[in-house]
Visitor: 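After the structure tokens below, expect a handful of questions from me.
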Amino acid sequence: MADEEFLAGPPANSFAAPDKTGWMTKRGGKGIKMNWRKRWFVMEHNYLYYYKTPSDPEPAGIVNLADFNCCERAAAHICKKSKYCFQITNTLEPESAKKRTYYIFTDLEDDLNGWIKALNANINTAQSGGFSHLYDDDSTRGSQQGAAAAGEAGAGAVAEAKEEKKGGAPPPKPQ
């Protein structure tokens, strides 16, 4: 699963036509050190990148939406800072490494509804094998091609770093 562990990614301002962008606040940290931090989010295809500012040279974190199957409004007790809180999670694999849940809130209800709708659309497309036009002929994830070369090269680097860390062969380089 791609998250804070893999920071290789495109600069925040390098996306030609992202699916959605905006400021939101994300819960981070572990255990008793959990905190909420405002981040600039960019969603492109099956990746959700988040940055400290819209001009950052690399993301603070990357979420591979193909690893998740659900984006929904979060329970009120999860986020006491805002009533416009949602979560991204994988409900199908409860005991797996993919069990990470992201909690994020927006400042407006319209933004909340827009992000939930857009994230679910991209999650569904990623889960159904969509975005195939982004990958090599063998549909290997991480070897993206397309107009936003800087953004896609970063996502390929993320996939390559993940494979190397797992001990597997890295995916083919973008052409």
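Because only heavy atoms are used, hydrogens play no part in the values below, and waters and symmetry mates are left out as well, while side chains stay in. All figures in this text were calculated on a predicted structure; none of them were measured in a lab.
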Visitor: Could you tell me if the side chain of Ile88 sits less than 4.5 Å from the side chain of Leu48, heavy atoms only?
Guide: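 Counting from C-beta outward, Leu48 and Ile88 do come under 4.5 Å.
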
Visitor: Would Lys52 and Glu58 pass as an ion pair if we require N to O under 4.0 Å?
Guide: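 Glu58 and Lys52: not salt-bridged.
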
Visitor: Is the ring pair Trp36/Phe105 parallel, tilted or perpendicular, if the boundaries are 30 and 60 degrees?
Guide: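 Because their plane-to-plane angle lies in the 30° to 60° range, the rings of Trp36 and Phe105 count as tilted.
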
Visitor: Quick one: does any side-chain atom of Ser14 pair with a main-chain N or O of Pro10 as donor and acceptor, under 3.5 Å?
Guide: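 No: the side chain of Ser14 does not pair with the backbone of Pro10.
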
Visitor: Nearest 0.5 Å, what's the OH-CG distance between Tyr102 and Leu65?
Guide: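 That separation rounds to 9.5 Å.
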
Visitor: Are a donor atom and an acceptor atom from the side chains of Asp67 and Asn90 found within less than 3.5 Å of each other?
Guide: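 No donor-acceptor contact under 3.5 Å links the two side chains.
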
Visitor: So, taking the atom named OG1 in Thr25 and the one named CG in Asp107, what distance separates them when rounded to the nearest 0.5 Å?
Guide: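 Going from OG1 on Thr25 over to CG on Asp107, the span is 6.0 Å.
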
Visitor: Return the minimal non-hydrogen interatomic distance between Pro54 and Ala12, and the atom names on each side.
Guide: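 In terms of heavy atoms, the two residues are closest at O-CB, 3.1 Å.
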
Visitor: Looking at Phe41, I'd like to know if the NZ or CZ of Arg39 sits under 6.0 Å from its six-membered ring centre while staying within 45 degrees of the ring's axis.
Guide: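 The answer is no; the distance or angle limit is not met.
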
Visitor: Atom OG1 in Thr21, atom CD in Glu44: separation rounded to 0.5 Å?
Guide: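 Here the interatomic distance stands at 11.0 Å.
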
Visitor: Rounded to the nearest 0.5 Å, how far apart are CG of Asn64 and OH of Tyr49?
Guide: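 One gets 9.0 Å once the value is rounded to the nearest 0.5 Å.
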
Visitor: Rounded to the nearest 0.5 Å, what separates atom CZ in Arg37 from atom CZ in Arg27?
Guide: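 So the gap between those two atoms works out to 14.0 Å.
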
Visitor: Compare every heavy atom of Gly9 with every heavy atom of Ile62, then report the nearest pair and how far apart it is.
Guide: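 Scanning both residues completely, I find the closest heavy atoms to be CD1-CA, 4.2 Å.
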
Visitor: Would you say the side chain of Leu119 lies within less than 4.5 Å of the side chain of Asn122, judging by non-hydrogen atoms?
Guide: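 Answer no - side chains too far apart.
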
Visitor: Please report the shortest heavy-atom distance between Lys20 and Ala118, naming the atom on each side.
Guide: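 Scanning both residues, the minimum pair turns out to be CD-CB, 3.7 Å.
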
Visitor: Could you check whether any side-chain heavy atom of Ile123 comes within less than 4.5 Å of a side-chain heavy atom of Cys71, counting everything from C-beta outward?
Guide: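 Sidechains of Cys71 and Ile123: in contact.
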
Visitor: Quick one: pull up SG in Cys79 and CZ in Arg73 and give me the separation to the nearest 0.5 Å.
Guide: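 It is 10.5 Å, given to the nearest 0.5 Å.
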
Visitor: Over 60° means perpendicular and under 30° means parallel, so classify the ring planes of Tyr51 and Phe15, tilted if in between.
Guide: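 Rings of Phe15 and Tyr51: perpendicular, over 60°.
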
Visitor: Determine whether a donor-acceptor pair (N or O, by modelled atom type, separation under 3.5 Å) exists between the side chain of Gln87 and the backbone of Thr101.
Guide: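 Pair absent, no side-chain N/O of Gln87 close to backbone of Thr101.
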
Visitor: Does Ala75 have any side chain to side chain contact (heavy atoms under 4.5 Å, CB included) partners at least two apart in sequence or in another chain, and if so, which?
Guide: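 With sequence neighbours excluded, Ala75 shows a side chain to side chain contact (heavy atoms under 4.5 Å, CB included) to His77, Ile78, given in chain and number order.
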
Visitor: Is there a donor-acceptor pair under 3.5 Å between the side chain of Asn13 and the backbone N or O of Ser55?
Guide: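 It does not hold such a pair.
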
Visitor: Taking Asn120 for the side chain and Lys117 for the main chain, is one N or O donor matched with an acceptor at less than 3.5 Å?
Guide: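 Answer holds: no.
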
Visitor: So, using side chain to side chain contact (heavy atoms under 4.5 Å, CB included) as the criterion, who are the partners of Thr106 when residues are at least two apart?
Guide: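 With neighbours one apart ignored, the set is Met24, Tyr84, Phe86, Asp111, Leu112, Trp115.
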
Visitor: So Lys38 and Trp23, do their side chains get closer than 4.5 Å, heavy atoms only?
Guide: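 With C-beta onward as the side chain, the pair touches.
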
Visitor: Do you know which two heavy atoms are closest between Gln127 and Ala66, and how far apart they sit?
Guide: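 Nearest pair, atom of Gln127 first, then Ala66: NE2-O, 2.5 Å.
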
Visitor: Would you say Thr53 and Trp40 make side-chain contact, with heavy atoms under 4.5 Å?
Guide: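 Counting from C-beta outward, Thr53 and Trp40 never come under 4.5 Å.
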
